[in-house]
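What follows is a short report on a single structure.
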Amino acid sequence: MNNDNPVNMIEGSTPSERIIYSPATPDDLPMVQALLKENSLPFEDVGEHMDHFILAKENGLLIASAGVELLGTDGLLRSVCVSRKCRNRGIAGELCRRMEATAYSAGVKQLYLLTTTAEEYFGRKGYRVCSRESLPPGVQGTAEFRSLCPSSAVCMVRDLDGASG
């Protein structure tokens with residue numbers, strides 16, 4: 001797979017499973033917002049960050065999204081969402097890998113996230129729990145941190161040292 005080009009097709013376990021990963025466009029905004037809303041994730045400010053989103057589509061339908069807010073050497077992984085009917089197929093892992101590579105290429109050293117449901121999942125991906133107070137000011141200043149995610153959300157961080165696995 002060519003890691004320099006985010007637009008790739010990955011074949012699933014059956015010939016009919018074809019997932020296309022591609023950068024989001026402004027036209028994708030309503031679909032991304034609907035996917036996030038349907039899965040109880042913050043969607044209100046997504047339009048401000050669509051230029052750093054990657055989407056997964058199958059048969060032309062949006063099935064997953066992930067984005068990153070670039071904040072200098074820090075980044076906020078956000079909106080990692082897979083449609084309920086498409087889970088457990090490695091899609092979230094592929095989107096996270098791509099977002100981590102994008103963030104690393106943009107100079108991000110630490111990638112943060114907030115989660116209410118996926119602490120165990122991200123822990124397996126190399127993220128570790130950190131305190132809200134330890135987050136850098138840029139991350140604390142994001143809408144997701146300030147108001148969109150509940151204060152009960154778990155904060156996690158991963159050091160991006162070039163190993164995006």
Side-chain angles (χ1 to χ4, degrees), residues 1-70 75-105 108 111-129 142-145 147-158 160 164-165:
M1 184 180 327
N2 179 356
N3 290 332
D4 295 331
N5 182 355
V7 180
N8 290 309
M9 181 172 60
I10 294 183
E11 299 223 5
S13 57
T14 66
S16 65
E17 291 182 27
R18 293 181 184 265
I19 299 171
I20 306 230
Y21 294 88
S22 62
T25 69
D27 292 341
D28 294 315
L29 180 60
M31 292 184 298
V32 172
Q33 289 175 318
L35 176 69
L36 297 175
K37 187 175 182 180
E38 175 183 308
N39 288 279
S40 303
L41 291 174
F43 63 91
E44 295 85 351
D45 69 332
V46 170
E48 299 170 34
H49 308 288
M50 287 295 285
D51 53 344
H52 295 109
F53 265 68
I54 295 177
L55 307 181
K57 294 180 181 178
E58 186 172 46
N59 299 321
L61 300 174
L62 178 66
I63 60 168
S65 70
V68 66
E69 288 186 46
L70 301 175
L76 180 64
L77 181 65
R78 56 167 302 157
S79 308
V80 178
C81 182
V82 178
S83 172
R84 285 182 180 92
K85 66 181 178 7
C86 297
R87 292 182 182 166
N88 301 311
R89 292 170 47 192
I91 299 166
E94 180 63 19
L95 284 170
C96 288
R97 184 192 68 72
R98 290 167 184 255
M99 292 302 349
E100 290 163 0
T102 296
Y104 180 75
S105 294
V108 170
L111 190 59
Y112 296 87
L113 64 86
L114 299 165
T115 183
T116 58
T117 60
E119 178 182 348
E120 186 178 316
Y121 174 81
F122 285 108
R124 290 191 309 266
K125 300 290 182 195
Y127 289 82
R128 65 185 184 284
V129 174
T142 63
E144 187 160 322
F145 183 88
S147 61
L148 298 178
C149 278
S151 61
S152 60
V154 175
C155 300
M156 301 183 82
V157 62
R158 179 171 182 201
L160 299 182
S164 61

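None of these values were measured; they are calculated from a predicted model.
- By the 4.5 Å heavy-atom criterion applied to side chains, Lys57 and Met31 are counted as neighbours.
- Taking 4.5 Å as the limit, some side-chain heavy atom of Glu119 sits within range of a side-chain heavy atom of Met156.
- A heavy-atom distance below 4.5 Å is not found between the side chains of Thr25 and Met50.
- Under the 4.5 Å side-chain criterion, counting only non-hydrogen atoms from C-beta, Glu144 is not in contact with His49.
- By the 4.5 Å heavy-atom criterion applied to side chains, Met99 and Thr102 are counted as neighbours.
- Side chains of Arg78 and Asp45 form a contact here, defined as non-hydrogen atoms less than 4.5 Å apart.
- Distance check: Leu36 CG to Ser79 OG gives 4.5 Å after rounding to the nearest 0.5 Å.
- Among Leu114, Leu95, Leu111, Thr115, the single residue meeting the side-chain contact (heavy atoms from CB on, under 4.5 Å) criterion with Leu77 is Leu111.
- Across all their heavy atoms, Tyr21 and Ile91 have their closest contact at OH-CA, 3.7 Å.
- Formation of a donor-acceptor pair under 3.5 Å by the Ser83 side chain with backbone atoms of Cys86 is not found in this model.
- Shortest non-hydrogen contact noted between Phe122 and Cys96 is CE2-SG, 3.8 Å.
- Ala103 and Leu70 get closest at one heavy-atom pair: CA-CD2, 4.2 Å.
- Summarising the geometry, atom CG belonging to Leu62 is positioned 13.0 Å from atom CD1 belonging to Ile20; distances are rounded to the nearest 0.5 Å.
- The NE2 atom of His52 sits 13.0 Å away from the CG atom of Leu76 when rounded to the nearest 0.5 Å.
- Residue Pro23 comes nearest to Asp28 through the heavy atom pair O-OD2, 4.3 Å, listed as atom of the first residue, atom of the second, then distance.
- The two atoms that bring Ala66 and Val80 nearest to each other are CB-CG2, 4.0 Å, heavy atoms only.
- For the pair Glu94 and Arg97, the salt-bridge criterion is met [side-chain N within less than 4.0 Å of a carboxylate O].
- Between Phe53 and Val46, some side-chain heavy-atom pair lies under the 4.5 Å cut-off.
- Residues Arg84 and Glu38 have side chains in contact (heavy-atom distance under 4.5 Å, counting atoms from C-beta outward).
- In this structure, Gln33 CD and Ser65 OG are separated by 11.0 Å, a value rounded to the nearest 0.5 Å.
- The pair Glu58-Lys85 fails the salt-bridge criterion, with no side-chain N (NZ, NE, NH1 or NH2) lying under 4.0 Å from an Asp/Glu carboxylate O.
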